[in-house]
K.L.:
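The structure follows.
Below, chains carry the letters A, B, ... as their sequence lines are ordered, and counting in each starts from 1.
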Number of protein chains: 2
Amino acid sequence: MTFFVEKPVTAADKTFFQLRKDIVEGDIVAGSKLSETELSTKYSVSRAIIREALNRLEFCHLVERKANVGARVVALTSEGLLELYQVRESLEGMAARLAAKNMSDEEVNDLNYLLNAHGANMENGQSYYQEAGDVDFHYRIIVGCKNKHLTSMLIDGLYHLVRMYRVQLGMAGPRVTTAFDEHKHIVQAIANRDGELAEMLMRRHIMYSKHSIQNKLKN
Amino acid sequence: MTFFVEKPVTAADKTFFQLRKDIVEGDIVAGSKLSETELSTKYSVSRAIIREALNRLEFCHLVERKANVGARVVALTSEGLLELYQVRESLEGMAARLAAKNMSDEEVNDLNYLLNAHGANMENGQSYYQEAGDVDFHYRIIVGCKNKHLTSMLIDGLYHLVRMYRVQLGMAGPRVTTAFDEHKHIVQAIANRDGELAEMLMRRHIMYSKHSIQNKLKN
DNA sequence: AGCCGCTATATTGTCGACAATCAACAAAAA
DNA sequence: TTTTTGTTGATTGTCGACAATATAGCGGCT
């Protein structure tokens, strides 16, 4: 497990990473059927490996399987997005609360440093750093919570689905400066070891971006 | 997916269910190594099926795997229990909030009826119904939230690990009457469609039982 | 014409054998 | 004695073939 950080060691790992990438980035279109034999020729591995990869992808909620029928890439719907953000709000909120309790002083300092770097980049108009910066910010807090289940669910499980929505529905958008301020307040709460506040701020932060995305979907 | 409700259709399903049962109930001791060949002879299926089952068990956090080394049943530790309940607090809290919004009036009525039945059983001194009753109570709220990710994570993922701790560390205990009152208040909040309150009460409810278990672990 | 059941085909599920990798032990050098 | 290195044995990873199952198309019946 911990698919995200560790390197692919086995062939199934590599195929899983490749497949996940291709799905998230839309190279394999959402909602399409995934034939095992087809994939095995395409990626030059045996069907057993493809099956292993499909299994893992299912637990990332990136594909759905049905016995004796096959696998499909998950469909991107507004309801699905809503449900996804509801879970994020809950889990990342708790992650922020725990991070306030469990992050080392050094980790908090690093987080502060990261935030300032983003601020400097923004003033130079390099707002395209925001996407990676946002990801990095959330990632550090998740890791900082020191809860295996939480990190596994968020990083191995939900994170890539979030990215899939972002990439394929094009959520680069504005909300850059406001999100930055929200990040700042969250870090401050964590630095003050105020878990309750950190959780509340993180939940509101995710709620806001949910609203932002929902507004875009209406267009 | 949705391992819990659907019936086992394939041989891998059956083996997975059997293995999960044997692990949760301690028939296979916690922390022990799981040899694929050994299991394949024990359960009279091919190694491929065992591997499939082990894959699923890994995503339930019931076993841990390492490439080229093998799988082990998870060890039951007090830290693990704490982390588990932290996630439960977060996810079931959100489930209660969403259930207050999304449950049908009929589902709420059923929940009320269930609760009254438990109360009647308790007055007759049949407190041993509490275990199943508690499970049932939480289960209905989880299903009532109508969020696929949430239900999948809780029911397919965490639920069985919770049960493993309960069974093997013997958490039958008291806390029956107080838990009943807490259940009552939660249902009331849901009936009033007060999601915020329902979430708060559910989180406190789970926090309390966490404390109760932690106290038992100290003895 | 519309519906039902059957066959044919393609896809998934399962298996046993082979290849790759690791852990343990033994042997040799420092 | 301690550390390092090579070998051995066992376990996991990978593969191709076979069996079981579902979908699609066709033909017959009402």
Side-chain angles (χ1 to χ4, degrees), chain A residues 1-3 5-20 22-23 28-75 156, chain B residues 1-3 5-20 22-23 28-75 156:
Chain A
M1 48 145 246
T2 45
F3 301 140
V5 275
E6 307 220 8
K7 286 178 188 173
V9 33
T10 174
D13 291 342
K14 293 182 194 118
T15 308
F16 166 63
F17 283 120
Q18 187 63 45
L19 254 171
R20 187 177 63 186
D22 292 346
I23 289 176
I28 299 177
V29 291
S32 64
K33 183 158 191 324
L34 294 170
S35 159
E36 294 183 358
T37 56
E38 206 174 303
L39 291 175
S40 84
T41 60
K42 179 175 175 184
Y43 292 94
S44 313
V45 288
S46 80
R47 259 187 64 222
I49 300 227
I50 295 293
R51 281 175 70 81
E52 165 99 22
L54 288 179
N55 267 324
R56 303 195 199 173
L57 287 169
E58 181 180 6
F59 292 106
C60 299
H61 299 264
L62 288 175
V63 316
E64 290 168 348
R65 300 188 94 175
K66 224 172 107 182
N68 288 313
V69 172
R72 305 193 78 85
V73 180
V74 75
D156 298 333
Chain B
M1 50 142 246
T2 46
F3 301 140
V5 275
E6 307 219 8
K7 285 179 187 173
V9 33
T10 173
D13 292 342
K14 292 182 194 118
T15 308
F16 165 64
F17 284 122
Q18 186 63 46
L19 254 172
R20 187 177 64 185
D22 292 346
I23 289 177
I28 300 177
V29 290
S32 63
K33 186 161 189 321
L34 294 170
S35 160
E36 293 182 359
T37 56
E38 206 175 302
L39 291 175
S40 84
T41 61
K42 179 176 176 184
Y43 293 93
S44 314
V45 289
S46 80
R47 259 186 64 222
I49 302 233
I50 295 292
R51 282 173 70 80
E52 165 98 21
L54 288 179
N55 267 325
R56 301 195 201 175
L57 288 169
E58 181 180 5
F59 292 106
C60 300
H61 299 265
L62 288 176
V63 316
E64 290 169 348
R65 299 187 94 176
K66 224 171 107 183
N68 288 313
V69 172
R72 306 192 78 86
V73 181
V74 290
D156 298 334

K.L.:
In chain order, what residues pass the side-chain contact (heavy atoms from CB on, under 4.5 Å) check against B:Ser32, with sequence neighbours excluded?
P.N.:
B:Ile28, B:Val29, B:Val73
K.L.:
Quick one, A:Arg47 and A:Arg51 - any side-chain contact, counting heavy atoms below 4.5 Å?
P.N.:
yes
K.L.:
For B:Glu52, what residues pass the salt bridge (charged side-chain N to carboxylate O under 4.0 Å, His left out) criterion, not counting sequence neighbours?
P.N.:
B:Arg56
K.L.:
Which residue, B:Ala11 or A:Glu38, contacts DNA chain C at a nucleotide closer to its 5' end, judged by nearest heavy atom?
P.N.:
A:Glu38
K.L.:
Going 5' to 3' on DNA chain D, which nucleotide is the first and which the last to come under 4.0 Å of a heavy atom in chain A?
P.N.:
D:dG13 to D:dT23
K.L.:
Does A:Ser35 or A:Val9 map to a spot on DNA chain C nearer the 5' end, using the closest nucleotide for each?
P.N.:
A:Ser35
K.L.:
Pick the closest DNA chain D nucleotide for A:Ile49 and for B:Leu34 by heavy atoms, then say which residue is nearer the 5' end.
P.N.:
B:Leu34
K.L.:
Applying side-chain contact (heavy atoms from CB on, under 4.5 Å), name anything that partners A:Val69, two or more places apart in sequence or on another chain.
P.N.:
A:Lys66
K.L.:
Please give me every residue in residues 66-75 of chain B whose heavy atoms get under 4.0 Å of an atom in DNA chain D, ordered by residue number.
P.N.:
B:Ala67, B:Asn68, B:Val69, B:Gly70
K.L.:
Among all residues two or more places apart in sequence or in another chain, which pass the salt bridge (charged side-chain N to carboxylate O under 4.0 Å, His left out) test with B:Arg72?
P.N.:
none
K.L.:
So, using side-chain hydrogen bond (donor to acceptor under 3.5 Å, both in side chains) as the criterion, who are the partners of B:Gln18 when residues are at least two apart?
P.N.:
B:Asp22
K.L.:
Suppose we screen for side-chain contact (heavy atoms from CB on, under 4.5 Å). Which residues come up paired with A:Val45, at least two apart in sequence or across chains?
P.N.:
A:Thr15, A:Tyr43, A:Ile49, A:Ile50
K.L.:
List in chain and number order the residues that pass side-chain hydrogen bond (donor to acceptor under 3.5 Å, both in side chains) with B:Thr37, two or more places apart in sequence or in another chain; answer none if no residue qualifies.
P.N.:
B:Ser35
